[in-house]
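Structure record follows, encoded as structure tokens.
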Amino acid sequence: MRAHSSATAPPAIAVAAPDREGSGFGTLQAALGVVAFSLTFPATAWGLEGFGPWSLVAVRSVLAAVIAGSALLALRVPLPARRHWPGLAVVGAGVVLGFPLLTTLALETSTTAHAAVVVGLLPLTTALFSALRVGTRPSRTFWIAALAGAAAVLAFTAQQSGGALTTADLYLFAALLVCAAGYTEGGRLARVMPGWQVIGWALALCLPLTVPVASIALAHEPVQLTAHSVTGLLWVAAGSQFVGLVVWYRGMAAIGIPKASQLQLAQPLLTLVWSVLLLGEHLTVAAPLTAAAVLVCIAVTQRSRG
């Protein structure tokens with residue numbers, strides 16, 4: 001196991017421009033989201049010490065929905081306009097259900113270092129989805145830096161896992177695709193509604209599925225409540241599934257989906273640091289070299305203009 005209604009129609013969100021005045025704060029929020037996400041794999045590994053994969057994913061989604069739903073009810077937030085529900089469904093399918101389930105299944109047989117290849121490729125995949133869905137056109141410099149950063153992260157994570165492909169790879173690459181789709185739709189919707197409402201409504205939309213799945217899974221998978229398993233569950237529910245996505249979507253809305261996604265190039269390296277500190281995994285000397293390359297790529301993508 002170690003191995004997210006008004007009477008008049010809003011502007012078209014497909015062409016909305018990032019808020020440049022708040023770009024600095026937007027970058028900070030997106031970066032905080034990356035830090036929260038970097039703890040997801042180690043926390044999942046902890047959670048798997050006491051829960052089965054289906055139980056862990058379903059219960060985390062229900063707990064996150066309770067947190068988000070409480071906030072939505074307390075603030076009396078009206079239901080989103082009907083035109084936004086298809087996008088929220090994509091967010092729910094990709095971010096609330098697909099990515100957590102697929103990566104949790106992968107982490108049953110994969111180390112967190114090997115699984116980090118997913119988030120290493122996620123920035124590039126998200127930028128591609130954004131170009132197709134939102135119509136963004138990043139510059140050639142942006143793409144070169146993004147590809148270089150992705151290649152550096154892939155090489156590092158492959159070296160960490162000995163370069164061997166595992167049976168978990170299908171789960172990881174499928175998770176990559178569904179998460180990129182969810183990130184793109186979430187960032188698009190966060191242009192017209194607060195980021196916390198995007199993930200909040202997506203979580204609520206999934207409740208008719210996650211509640212019965214949680215009940216069935218808990219009845220059929222063994223549960224062992226330990227400090228690690230409970231802490232891991234609470235983090236992936238509150239930190240990764242809600243708070244992290246709130247600041248992440250706000251960041252994407254402020255600085256644009258492609259540039260925000262490139263901040264995730266640092267996520268695999270952060271995950272590897274947490275893996276050493278929390279799981280006792282071994283970190284090779286390649287880490288600082290890869291970190292330097294990734295930081296250069298992030299700087300280039302943040303300065304380039306689409």
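Along the sequence shown, residues carry numbers from 1.
- Under a hydrophobic-cluster definition in which Ile, Leu, Val, Met, Phe, Trp and Tyr are linked whenever side-chain heavy atoms come within less than 4.5 Å, directly or via other members, L72 and V198 are assigned to the same cluster.
- Using modelled atom types, no side-chain atom of E281 and backbone atom of V276 make a donor-acceptor pair closer than 3.5 Å.
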Which donor-acceptor pairs under 3.5 Å do the side chains of residues 140-155 make with protein atoms, sequence neighbours left out?
none

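- Distance CG/L245 to CZ/R250: 13.5 Å, rounded to 0.5 Å.
- With hydrogens and angles ignored, the 3.5 Å screen pairs no side-chain donor or acceptor of T112 with any backbone N or O of L272.
- Atom CG of L203 is separated from atom CG of L63 by 10.5 Å, given to the nearest 0.5 angstrom.
- Taking all atoms of both residues into account, the shortest heavy-atom contact from A237 to R60 is CB-O, 3.5 Å.
- Within the model, atoms CG of L278 and CH2 of W46 stand 5.0 Å from one another, a figure rounded to the nearest 0.5 Å.
- Hydrophobic clustering (ILVMFWY, side-chain heavy atoms < 4.5 Å, transitive): V96 and I67 are in one cluster.
- Between H84 and M193, the closest side-chain pair of non-hydrogen atoms falls below 4.5 Å.
- Panel note: side chain W85, backbone P80; a donor-acceptor pair is recorded below 3.5 Å.
- The side-chain heavy atoms of V243 and W196, taken from C-beta on, include no pair separated by under 4.5 Å.
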* Intermediate values then yes/no, side-chain contact (heavy atoms from CB on, under 4.5 Å), F173 and L102 -> CA-CA 9 Å; F173 285 110; L102 292 166; over 6 Å; no
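- Scanning all heavy atoms of the two residues, the minimum distance from A181 to V90 falls at O-CG1, 3.8 Å.
- Between L121 and L172, every side-chain heavy-atom pair lies at or beyond the 4.5 Å cut-off.
- Criterion: ILVMFWY side-chain heavy atoms under 4.5 Å apart, direct or through other members. Under it, L279 and L234 are part of a common hydrophobic cluster.
- Note that OH of Y183 is 11.5 Å distant from OG1 of T125, once rounded to the nearest 0.5 Å.
- Shown are L225, L48, L56; of these, the side chain to side chain contact (heavy atoms under 4.5 Å, CB included) with L233 is made only by L56.
- Between the side chain of S275 and the backbone N or O of T271 there is at least one donor-acceptor pair closer than 3.5 Å.
- The shortest side-chain heavy-atom distance between L101 and P53 does not fall under the 4.5 Å cut-off.
- Counting heavy atoms from C-beta on, the side chains of I216 and W54 never come closer than 4.5 Å.
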Enumerate, atom names and distances included, each donor-acceptor pair closer than 3.5 Å involving a side-chain atom of residues 31-42, sequence neighbours excluded.
{"residue": "S38", "atom": "OG", "partner": "V35", "partner atom": "O", "Å": "2.6"}
{"residue": "S38", "atom": "OG", "partner": "W274", "partner atom": "NE1", "Å": "2.9"}
{"residue": "T40", "atom": "OG1", "partner": "F37", "partner atom": "O", "Å": "3.0"}
{"residue": "T40", "atom": "OG1", "partner": "S240", "partner atom": "OG", "Å": "2.7"}

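- Looking only at side-chain heavy atoms (C-beta outward), T210 and L97 come within less than 4.5 Å of each other.
- L176 places none of its side-chain heavy atoms less than 4.5 Å from the side chain of F99.
- Under the 4.5 Å side-chain heavy-atom criterion for ILVMFWY residues, no single connected hydrophobic cluster contains both V211 and V213.
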* Test side-chain hydrogen bond (donor to acceptor under 3.5 Å, both in side chains) applied to S229 and E49, step by step -> CA-CA 6 Å; S229 64; E49 293 180 12; over 6 Å; no
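- With hydrogens and angles left out, the side-chain atoms of T44 and T104 include no donor and acceptor closer than 3.5 Å.
- In the displayed structure, L289 atom CG is contacted under 6.0 Å by more than 12 heavy atoms of other residues, nucleotides or ligands.
- A donor-acceptor distance shorter than 3.5 angstrom exists from the side chain of T103 to the backbone of P100, with no hydrogens or angles considered.
- Clustering ILVMFWY residues whenever any of their side-chain heavy atoms sit less than 4.5 angstrom apart, transitively, puts L270 in the very cluster that holds V273.
- No side-chain heavy atom of V95 sits less than 4.5 Å from a side-chain heavy atom of W248.
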